[in-house]
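Below is one structure, written out as structure tokens; the observations come after it.
Per chain, numbering begins at 1; letters A, B, ... match sequence-line order.
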Amino acid sequence: MTHQLHQYHMVDPSPWPLTGALGSLLTASGLALWFHTNTTTILKLGLLTLTLTLIQWWRDVVREGTFQGHHTKGVQKNMRYGMMLFIVSEVFFFLGFFWTLYHVSLVPTPELGAEWPPTGIVPLNPLEVPLLNTAVLLSSGATVTWSHHALMQGNKKEATYALMITIALGIYFTALQLSEYMETPFTISDSVYGSLFFVATGFHGFHVMIGTTFLIVCLARLVNFHFTTSHHFGYEAAIWYWHFVDVVWLFLFVSVYWWGS
Amino acid sequence: MIPRWTAVRLVAQGRNFATAAGHDEGSSARTWKILSFVVALPGVAICWVNVQLKKKEHSHERPEFIAYPHLRLRTKAYPWGDGNHSLFHNPRTNPLPTGYEDV
Amino acid sequence: MASRLFRVCGALRALRASSAALGRGPRPLAGSSRPASTGDMPTDEEQATGMERKVLDTIKQGVDPYCINPSKPFGGTKDDPHLVPSLTNVRLVGCICEEDATETYYIWLHMGKIERCPSCGAHFKLIPYEMP
């Protein structure tokens, strides 16, 4: 290794930005083609490219950080900023759905019966499964904090168990949402109410699945001694993301399920 | 006498500006463990019982089908199946544009 | 998967035992301000490698080769100039003059010569520096 005069990480050339861009293009075009011509070949190819890219890119990052020691304090600080900016961009993504909800529901058009929920829509009772979902996500927030504090205090066993409980709660949430989707009396094509409900809660559901996957990867890394008591930013990023998903649910629960019904 | 590496370590810790390791008061993991088991998980259990109790009260009558123009939109067919059934179609609760399937 | 896990566990246990035997690395969390740990989370002391290890070691020696810690304040007067460490005999510095300034004044510093900021008049001096 040449003598490095700074603490930063100069990344090696990598094919993943290219294959990632290709995968994104194929996925976006594939979705449009699927909606318009009912063919899924391009979409499948795009999703496969994207999945392989993500797995290999993040595998490389784990190698660089954990096994090659490139993630010094300064590099970790930059990754913190990166994750913060990413979560801010996600906040604005969801803000769009809430804006839509309040736009269409505060002054409902005559075409929808001039009321909210629109005429003929039977909304879900927010105090049944949605309330349980809220409890599940809030609990998972508590257990993941327990896991993080146990990890920082060097208690690997407790950190592992608490993280396992968190992941189980995440999977339970997804299962509950799926069973709710099967029982809803309205569908995605039942006025703007149905579209908004399924798009907003559906994207949130995707985020829960991504967050659960992120936590599962962290569990595997924790078990395999990748983390130390003071260097475990991958896990911290997963926790931030999980809390973000939790907060989005609280807003969805209050706005879409409760106030919106 | 404090071993040399202990002193060095304490100095290094004082200099450590990473937020991760900055705040470990000692019993925080225990606090969150207690919160998880005493508040959070019982909360989940109570909500689950609530769901089970309310499930029994449900009437199994569904609203009468009215072909409102703003519902059951099919301006374009769904890109899956026969293009007429939603992805989470439930024949008991979701009518097609022409009405419930089982009547 | 399971066999790999056992191998990693075994290797780490061996590593810890040998470092303790050598009497250099601290055992996990011993001697720190933290409470005694009941688990076996590794620490940076035990596991850091590459550049991360290098930074950790140099900081432990009391040197800061990558300017990670905030620099020591100087008066900026002729008698107490801002000392700028440099590996070569020239370095470009930016003077912010005062906290709320919206401009930065850039000055080329040369070895053996005191330079002044054209705006606030602060003195800068280059000092030679070696990487550890």
**Study point:** Closest approach of A:Gln7 to C:Tyr66 (non-hydrogen atoms, all atoms of both residues)
**Key:** N-CD2, 3.6 Å
Point to revise | Residue pairs passing the side-chain hydrogen bond (donor to acceptor under 3.5 Å, both in side chains) test where at least one lies in residues 78-92 of chain C, sequence neighbours excluded | key: none
Point to revise | Contacts of residues 13-25 of chain A with chain C (heavy atom under 4.5 Å) | key: none
Exercise for review: Could you tell me which non-hydrogen atom of C:Pro42 sits nearest to which non-hydrogen atom of A:Phe227, and how far apart they are?
Suggested key: CG-O, 3.3 Å
Review point. Does CZ belonging to A:Phe251 count more than 12 external heavy atoms closer than 6.0 Å?
Key: no
Point to revise | Contacts of A:Glu90 that satisfy salt bridge (charged side-chain N to carboxylate O under 4.0 Å, His left out) - sequence neighbours left out | key: none
**Study point:** C:Leu56, part contacting chain A, at a heavy-atom distance under 4.5 Å
**Key:** neither
Practice item. Could you tell me whether C:Ile96 atom CD1 has more than 12 heavy atoms of other residues or ligands within 6.0 Å of it? Key: no
Check your understanding: Please walk me through it: do A:His70 and C:Glu52 pass side chain to side chain donor-acceptor pair (under 3.5 Å)?
Key -> CA-CA 6 Å; A:His70 285 305; C:Glu52 194 187 3; over 6 Å; no
Practice item. Would you mind telling me which of A:His9, A:His71, A:Glu158 has the largest number of heavy-atom pairs within less than 4.5 Å of chain C? Key: A:His71
Point to revise | Minimal non-hydrogen separation, A:Thr66 against C:Thr49, with atom names | key: O-CG2, 3.8 Å
Which pairs would a plain distance check flag for residues 161-175 of chain A, meaning a side-chain donor or acceptor within less than 3.5 Å of a matching protein atom at least two apart in sequence or in another chain?
{"residue": "A:Thr166", "atom": "OG1", "partner": "A:Thr143", "partner atom": "OG1", "Å": "2.8"}
{"residue": "A:Thr166", "atom": "OG1", "partner": "A:Val144", "partner atom": "N", "Å": "3.4"}
{"residue": "A:Thr166", "atom": "OG1", "partner": "A:Ala162", "partner atom": "O", "Å": "2.8"}
{"residue": "A:Thr174", "atom": "OG1", "partner": "A:Gly170", "partner atom": "O", "Å": "3.1"}

Exercise for review: For the residue pair A:Leu151 and C:Met41, establish whether any side-chain heavy-atom pair is separated by less than 4.5 Å.
Suggested key: yes
Revision key, fill the gap. Distance col, row A:Thr229:OG1 vs C:Asp44:CG, nearest 0.5 angstrom, shows 6.0 Å
**Study point:** Closest approach of A:Gln4 to C:Met51 (non-hydrogen atoms, all atoms of both residues)
**Key:** NE2-CE, 4.0 Å
